[in-house]
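Order of appearance sets the numbers: ligands from 1, and atoms from 1 within every ligand. All residue numbers refer to positions in the sequence shown, counting from 1.
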Amino acid sequence: MTTPALELHDVTFVRDGRPLLADIDLEVGSGEQWALIGPNGAGKSTLLNLCGAVTFPSRGWVRVLGHRLGEIDLRELRRSIGFVNPRHPLRSDLTVEDVVLTGITGTIERVPRWEPTTDELDRAHLMMKTLGVDVPTSPHWHTMSQGERGRTLIARALMTDPPLLLLDEPSTGLDVAAREQMIRTLDELPTRIAGLTTVMVTHHFEELPPATTHAALLRDGRLVAAGPVDGVLTTELVSAAFDHPIRVRRDDDGRWHARA
Ligand SMILES: Nc1ncnc2c1ncn2[C@@H]1O[C@H](COP(=O)(O)OP(=O)(O)OP(=O)(O)O)[C@@H](O)[C@H]1O
């Protein structure tokens with residue numbers, strides 16, 4: 001049996017005396033594509049940060065790629081996790097290539113005096129190509145569109161060839177064409193990168209790639225449901241998670257729609 005990519009057991013996460021997550025039990029199998037869905041403030045990003053070994057649980061335990069948080073060198077573990085945050089806090093005007101290369105150093109900015117090896121440069125170009133980011137012109141961050149930035153950040157996250165990719169609302173701020181391109185990119189990732197496990201936070205059902213295999217619904221820091229996607233993204237369970245009547249439907253092309 002392969003080791004699950006993520007295991008959370010009886011996890012509670014408390015900040016300022018308030019439980020932001022409570023009683024979370026979740027197992028994400030290797031090679032599965034998960035969506036994490038719930039209303040604003042439900043705790044999706046908080047849960048993703050636990051999965052990314054950014055924070056530790058207040059109670060219970062978390063295993064990431066078979067390693068229990070608290071018992072493993074975090075720097076080493078984080079190299080095995082790609083994390084995509086569209087609110088990437090980059091200040092300098094790096095080229096796309098430079099931004100992608102920071103995936104190796106695990107930094108936001110280029111590390112002074114650090115130079116990539118030929119293999120690392122080749123990998124950066126391969127990832128840029130895989131994600132459809134323009135290699136020949138390698139534009140600068142400040143002039144890039146939100147869509148280009150989003151794809152660049154995924155290329156950056158994949159530089160260390162991580163088996164686990166976490167995405168926090170990767171379609172934020174995209175127009176409809178860029179959003180569709182992003183969905184197609186995400187949909188193709190599992191076939192382009194064999195064995196990759198992904199967990200994506202989103203508010204919008206329309207943004208789920210058809211390749212999504214599983215979903216978890218959160219409400220007020222608790223799991224409403226988690227499991228194979230078609231059994232979780234139902235009108236009944238989604239309405240319960242959002243505390244509002246929502247009709248959920250899946251089209252023949254595998255895309256979801258939700259209407260209040
Ligand atoms: N560091 C923190 N300290 C205290 N409270 C926090 C902290 N981070 C988040 N929260 C609170 O925890 C709750 C869950 O936040 P989180 O960002 O995980 O939710 P979310 O489901 O991702 O929300 P959204 O959809 O709005 O992005 C919110 O009420 C938020 O205000």
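Under 4.0 Å from ligand 1, the heavy atoms of Leu20 that appear belong solely to its side chain. In Asp16, the part holding a heavy atom less than 4.0 Å from any atom of ligand 1 is the side chain.
Here the protein heavy atom with the shortest distance to atom 26 (O) of ligand 1 is Asn40 ND2, 3.0 Å. Distance from atom 17 (O) of ligand 1 to its nearest protein heavy atom, with residue and atom name: Ser45 CB, 3.8 Å. Looking only at protein heavy atoms, the nearest one to atom 30 (C) of ligand 1 is Arg18 NH1, 4.7 Å. Nearest non-hydrogen protein atom to atom 18 (O) of ligand 1 is Thr46 OG1, 2.5 Å.
In summary, the atoms of ligand 1 found under 4.0 Å from a heavy atom of Pro39, numbered by their order in the structure, are 21 (O). Heavy-atom contacts of His203 reach the following atoms of ligand 1: 24 (P), 25 (O) (cutoff under 4.0 Å). Each of the following atoms of ligand 1 lies closer than 4.0 Å to a heavy atom of Glu169: 27 (O).
Residue Gly43 places at least one N or O, backbone or side chain, under 3.5 Å from an N or O of ligand 1. Where the criterion is an N or O separation shorter than 3.5 Å, residue side chain and backbone included, Gly41 meets it with respect to ligand 1. Backbone and side-chain nitrogen or oxygen atoms of Arg15 are examined, and none is located within less than 3.5 angstrom of a nitrogen or oxygen of ligand 1.
For Arg249, the salt bridge (charged side-chain N to carboxylate O under 4.0 Å, His left out) partners are Asp251, not counting sequence neighbours.
A side-chain N or O of Glu169 and one of His203 form a donor-acceptor pair less than 3.5 Å apart.
Under the 4.0 angstrom criterion, atom 6 (C) of ligand 1 counts as having a protein heavy-atom contact.
To the nearest 0.5 Å, the span separating CZ on Phe56 from CG on Asn49 amounts to 12.0 Å. For the atom pair CH2 (Trp34) and OG1 (Thr213), the distance works out to 7.5 Å, reported to the nearest 0.5 Å. Residue Ile37 holds its CD1 atom at 5.0 Å from CG of Leu233, rounded to the nearest 0.5 Å. Atom CG of Leu196 is separated from atom CG of Leu164 by 8.0 Å, given to the nearest 0.5 angstrom.
Every pair passing salt bridge (charged side-chain N to carboxylate O under 4.0 Å, His left out) that includes a residue from residues 5-22 is listed here, sequence neighbours excluded: Glu7-Arg63, Asp10-Arg59.
In terms of modelled atom types and a separation under 3.5 Å, the side chain of Glu148 and the main chain of Ser145 share a donor-acceptor contact.
A salt bridge links Arg255 with Glu180; the closest basic N to acidic carboxylate O contact falls under 4.0 Å.
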